[in-house]
Amino acid sequence: MAAVEANRERPSVDELLEAVDAVWNDVDRLRALVHGALDAGFGPEVLPAAERVRVLDPDLDRGVVLYAQALSACGRDDRAEEELVRHIRARGGHADTWFALAGLADRRDDDEDVATALDQALRCDPDHADALVWGWRRHAERHGPQQADAWLAELAPGSWRATVMLGERVLYRDDVAQAVELFGAACARAGRRGEALRRAARALAARGHDAECVALVTAHWSASHGPLPLVEAIEAQLRLGRVSEAVLGLARLRGLRDAEDHPEVADLYRRVEHLRAQHGL
């Protein structure tokens, strides 16, 4: 049912089972339904559907992770770990499967197994967002924010995402110069990925450092990064009162094929055009 898939409200068990039957042979909808049901607090009721997803899902790692989550929701953590370990031994490690193991080890309060699984997840994908955020929070809870930041610093040379996170932490301590340096390093490590530049620009703007936001985007942006980092810079230009520079940025934005796919771009067009007319530019 749509309510289950969108997780807007908790359905009855009968409604859930009816919804499962309706999408039993549609793996994408069944996967979404299982995710929604687990988020709504179901466990045994959805386990057969999760096992069905594991069988049908062309992404075998994704399928086994969802099945392990369903087993854990049934209180069967040992079985969930067994399934993940068996899968890793048969097919090799994957960031998501190792990260799922880290969470299960955490529930056992086994620091050594957590560290091993988390390390393996980040070896498979140094920019795995969930592993980095979860790992930082766990370190902060157990050892304090400084030790958590030190953990990020160890990972940063091989991870643009860890570098951005570290920059955000440094910015939180109001060391703007070091934050800008870290953000620049993150952009270099990210290459063509636009997310690093956008996150860095947004972090600077959120703390009132609009000039630094504009300078960072100007130094690192290219068309391959997409429109969103440039949007952040144009917004910063407007807050700085630099209308002519915002107009120039808008001209670059218009040259991007996918720019108009983003709702914030259309609103920015209207506001900049209005200001351009007001200033006779």
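- For the atom pair CD of Gln69 and CG of Asp39, the computed distance is 8.5 Å after rounding to the nearest 0.5 Å.
- Inter-residue side-chain proximity for Arg123 and Asp119 is flagged as met; some heavy-atom pair is nearer than 4.5 Å.
- Between Asp110 and Arg108, at least one side-chain nitrogen of the basic residue sits less than 4.0 Å from a carboxylate oxygen of the acidic one, meeting the salt-bridge criterion.
- Residues Pro48 and Glu51 form no side-chain contact, since every pair of their non-hydrogen atoms from C-beta on lies 4.5 Å or further apart.
- Shown here are the side chain to side chain contact (heavy atoms under 4.5 Å, CB included) partners of His94, two or more places apart in sequence or in another chain: Asp61, Asp96, Thr97.
- Using a 4.5 Å heavy-atom cutoff, the side chains of Arg79 and Cys74 are not in contact.
- The backbone N or O of Ser222 lies less than 3.5 Å from a partner atom in the side chain of His225, making a donor-acceptor pair.
- Residues Glu245 and Gln237 are in side-chain contact: their nearest non-hydrogen atoms beyond the backbone lie under 4.5 Å apart.
- Within the hydrophobic cluster formed by Ile, Leu, Val, Met, Phe, Trp and Tyr side chains joined at under 4.5 Å, directly or through other members, Leu240 is accompanied by Val214.
- Two residues are said to be in side-chain contact when any heavy atoms from C-beta on lie closer than 4.5 Å; Arg199 and Phe183 fail this criterion.
- The same ILVMFWY cluster, assembled from side-chain heavy atoms under 4.5 Å apart, contains both Val247 and Ile234.
- Residue pairs meeting the salt bridge (charged side-chain N to carboxylate O under 4.0 Å, His left out) criterion with at least one partner in residues 180-197, sequence neighbours excluded, are Arg161-Glu195.
- Note: the hydrophobic cluster containing Leu228 does not contain Leu230 (ILVMFWY, side chain heavy atoms under 4.5 Å, direct or indirect links).
- Side-chain N or O atoms of Thr163 include none that pairs as donor or acceptor with a backbone N or O of Ala185 at under 3.5 Å.
- Counting heavy atoms of neighbouring residues, nucleotides and ligands inside a 6.0 Å radius, atom CZ of Arg62 exceeds 12 of them.
- Closest approach of Ala95 and Cys124 over heavy atoms only: N-CB, 3.6 Å.
- Atom CD of residue Glu154 and atom CG of residue Asp149 lie 11.5 Å apart, to the nearest 0.5 angstrom.
- Taking all atoms of both residues into account, the shortest heavy-atom contact from Ala179 to Gly167 is CB-O, 3.6 Å.
- Scanning for side chain to side chain contact (heavy atoms under 4.5 Å, CB included) contacts around Arg254 gives Leu250, Tyr269, Glu273, with sequence neighbours left out.
- The salt bridge (charged side-chain N to carboxylate O under 4.0 Å, His left out) check on Glu45 picks up nothing, with sequence neighbours excluded.
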Practice task
Before giving the answer on side-chain contact (heavy atoms from CB on, under 4.5 Å), spell out for Gln146 and Arg169 the whole-Å C-alpha distance, their side-chain angles and the decisive distance to 0.1 Å.
Solution key: CA-CA 10 Å; Gln146 287 186 335; Arg169 291 290 303 157; over 6 Å; no
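- Proximity of a side-chain donor or acceptor of Ser72 to a complementary backbone N or O of Ala68 within less than 3.5 Å is not detected.
- In this structure, Trp151 shares a hydrophobic cluster with Phe99, Val114, Leu118, Leu122, Leu132, Val133, Trp134, Trp136, Leu152, Leu155, Met165, Leu166, Val170, Leu182, the cluster being traced through Ile, Leu, Val, Met, Phe, Trp and Tyr side chains under 4.5 angstrom apart.
- Smallest separation of non-hydrogen atoms from Ala196 and Ala190: CB-CB, 3.6 Å.
- Shortest non-hydrogen contact noted between Val34 and Ala49 is CG2-CB, 3.7 Å.
- Hydrophobic clustering (side-chain heavy atoms under 4.5 Å, transitive across Ile, Leu, Val, Met, Phe, Trp, Tyr) groups Val13 together with Leu38.
- Interatomic distance, Arg54 CZ to Leu66 CG, rounded to the nearest 0.5 Å: 11.0 Å.
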Exercise for the section: Could you check Gln147 against Arg142 for side-chain contact (heavy atoms from CB on, under 4.5 Å), going step by step and ending with a plain yes or no? Expected result: CA-CA 9 Å; Gln147 287 299 315; Arg142 284 161 173 73; over 6 Å; no
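- Its side chain within the 4.5 Å cluster rule, Val64 clusters with Val65, Leu84, Val85, Ile88, Trp98, Leu101, Leu104 among the Ile, Leu, Val, Met, Phe, Trp and Tyr residues.
- The structure places CZ of Arg86 at 12.5 Å from CD of Glu81, a figure rounded to the nearest 0.5 Å.
- In this structure, the side chains of Leu253 and Leu268 come closer than 4.5 Å at one or more pairs of heavy atoms.
- Legend: salt bridge (charged side-chain N to carboxylate O under 4.0 Å, His left out) pairs involving residues 131-140, not counting sequence neighbours, sorted by first then second residue: Asp106-Arg138, Asp111-Arg138.
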Ignoring hydrogens and angles, write down the donor-acceptor pairs under 3.5 Å from the side chains of residues 19-27, residues two or more places apart or on other chains.
residue: Asn25; atom: OD1; partner: Arg52; partner atom: NH2; Å: 2.5
residue: Asp26; atom: OD1; partner: Asp28; partner atom: N; Å: 3.3
residue: Asp26; atom: OD1; partner: Arg29; partner atom: N; Å: 3.3

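- Shown here for Ala50 and Ala70, the closest heavy-atom pair between the two residues is CB-CB, 3.5 Å.
- By the side chain to side chain contact (heavy atoms under 4.5 Å, CB included) test, Arg91 pairs with Leu60, His87, sequence neighbours left out.
- If you chain together ILVMFWY residues whose side-chain heavy atoms come under 4.5 Å of each other, Leu47 ends up grouped with Tyr67, Leu71.
- Between Phe42 and Pro11 there is a side-chain heavy-atom pair separated by less than 4.5 Å.
- The stretch residues 202-216 participates, sequence neighbours left out, in these salt bridge (charged side-chain N to carboxylate O under 4.0 Å, His left out) pairs: Asp174-Arg207, Arg202-Glu232, Asp210-Arg239.
- The minimum heavy-atom distance between Asp127 and Ser159, with the atom names listed, is OD1-OG, 2.8 Å.
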